[in-house]
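These notes concern the structure reproduced below.
Every value quoted in this text rests on a predicted model; they were computed, and no experiment measured them. Convention: sequence-line order gives letters A, B, ...; per-chain numbering from 1.
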Amino acid sequence: MVAPFALVDCNNFYASCERVFEPKLRGRPVVVLSNNDGCVIARSNEAKALGIGMGDPWHLYRARFAEQAVTVRSSNYTLYGDMSARVMRTLAGLTPSLEIYSIDEAFLSLAGFEDLEAHARHLRSTVIQWTGIPVSVGIAPTKLLAKVANRFAKREAHADGVKLLIDPAAQDDALARIELTDLWGIARRMAARLKCEGIETPLQLRAADPQDMRQRFGVVMQRMVLELRGMSCLPIELVTPDRKSIVSSRSFGRLIKTRPEVEEAVTTFSARAAAKMRRQGLATAHLAVFIETNPFREQDPQYHASRAVTLPVATADTAKLITAAQTALAALWRPGYRYKKAGVMLMDLVKADRVQGGLFDAPDDPKAKMRMRTVDALNGRYGRDTVGFGVTGQPRVWTLRSDMLSPRYTTEWEELLRV
DNA sequence: TCTGGGGTCCTAGGACCC
DNA sequence: TCTGGGGTCCTAGGACCC
């Protein structure tokens, strides 16, 4: 048999994190709220039982649950990130192949384990013992089915946090008891489309012809059909790929009308995103700013827009990114609206080993200056700022957009840059 | 009067995930 | 009065370039 997958998912993660540091909250309804305490982003089982929904605006409940002792916490992402790292470190010690899928989920390969259920229970008990976070474990021949298994591990009381969907009969039974939208990758819109085409249940989807589904819905849907049949198409991704973009955005606590206030926010977002980018060893030459009015206030005139700017060279320098962001903001700013949200997006991120040390701006090293002249000449010749180099490493060709790195230029550039 | 084709970039939006 | 934040991938049309 193919190596089975386990999906380990933390139960009600943010609420569970709060409980680790406040044990008296155990057994009581707990909700964690989004930024500005706007809406519900995590609920303990007790809070779910009260009918509090994911994403619900908290103001709908505030009065109702005041006296019912629902404990409310503002979110603390630093804490959750730290707890997540503890859980992932624990899991990493218990399997040779771990894929961190999200802040509270990980896929594990269970290749080589004889007693899958015993191992799953071991994972579960070790994580709660070492971190205080309860987890559920779903095991199946494919990632998609492991997701389904995890759902039952969480919901069935007798499962006690572990569910195996290895036998075809068990898979049939599980798929018969869920909706299309319960499947990983199918949400409301796609489910509606499928239903229009006569596919109304997960079992019907599994029975569909994979090739035909590819024609009608694309390669992603074909993979889903195969995964439902127990043919693994989605391998464990052991290496976390570099981020392609980094966003820093916030809804304002109140509606904002003046430009200086938005400028201030955009400055903060730029600095925050730049810091995050540097921590990940990345840099960028593409940045965008967006601002939005409050779409829930239908009586207000609406405006939402984004503007991108390109820097002459990739950088991770906060001051340069702030300047660029203000330029973008100036281009899209419209007076007379009441703004609710703004953000800064850093895009087309590149490895920072190409751009470290502000080298593109004022290199002191004579060789670097020489290379800079060559770069200028090349950029002049091609009419674009597409060439750069690293001071610390070997001179190298890089591009502001990866798709501009065409092979016919690469060799020539490499030669010219070798001072 | 006829009026290409390939390519990139930007903006916008849709769909999905956590 | 109060409705999150951070990601990925895909598509489409217009501007612009060669």
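Ring-centre distance between A/Trp184 and A/Phe107: below the 6.0 Å cut-off. Between A/Trp333 and A/Tyr339, the distance separating the two ring centers is shorter than 6.0 angstrom.
The two residues A/Leu311 and A/Ala324 come nearest to each other via the heavy atoms CD1-CB, 4.0 Å. Contact between A/Phe290 and A/Ser249 at its shortest, heavy atoms only, is CZ-CB, 3.6 Å.
Comparing the helix axis at one end of the helix from B/dG5-C/dC18 to B/dC18-C/dG5 with that at the other, each defined from 5 consecutive pairs, gives an inter-axis angle of 10° (nearest 10°).
Within the nucleic acid shown, A/Ile186 comes within 4.0 Å of sugar-phosphate atoms alone, with no base atom in reach, counting heavy atoms only. Counting any heavy atom pair closer than 4.0 Å across all strands shown, A/Leu183 reaches sugar-phosphate atoms only and no base atom. No engagement by A/Asp56 is indicated, since no non-hydrogen atom pair under 4.0 Å with the nucleic acid exists. Across all strands shown, A/Trp184 has heavy atoms under 4.0 Å from sugar-phosphate atoms exclusively, and none from any base. Contacts of A/Arg307 with the nucleic acid, taken as non-hydrogen atoms under 4.0 Å apart, involve only primed sugar atoms and P, OP1 or OP2.
Separating the CZ atom of A/Arg297 from the P atom of C/dC2 is a distance of 6 Å, rounded to the nearest angstrom. Atom pair A/Gln302:CD and C/dT3:P shows a separation of 13 Å (rounding to whole Å applied).
No side-chain heavy atom of A/Ser44 sits under 4.5 Å from any side-chain heavy atom of A/Val31.
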Quiz item: Under the salt bridge (charged side-chain N to carboxylate O under 4.0 Å, His left out) criterion, do A/Arg121 and A/Glu117 qualify, and how do the steps go?
Solution: CA-CA 6 Å; A/Arg121 299 214 174 274; A/Glu117 171 142 6; 3.0 Å; yes
Quiz item: Taking protein heavy atoms under 4.0 Å as touching, what does nucleotides 4-18 of chain C look like 5' to 3' if B marks base contact, S marks sugar-phosphate-only contact and - marks none?
Solution: BSSSSS---------
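A salt bridge links A/Lys163 with A/Glu156: the distance from a Lys NZ or Arg NE/NH1/NH2 to an Asp or Glu carboxylate oxygen falls below 4.0 Å. Under a 4.0 Å N-O distance rule, the pair A/Arg28/A/Glu46 does not qualify as a salt bridge.
Using the six-membered ring where Trp is involved, A/Tyr77 and A/Tyr14 have ring planes that are perpendicular, over 60° apart on the 30 and 60° scheme.
Remark: the separation of the C1' atoms in C/dC17 and B/dG4 is 14 Å, to the nearest Å.
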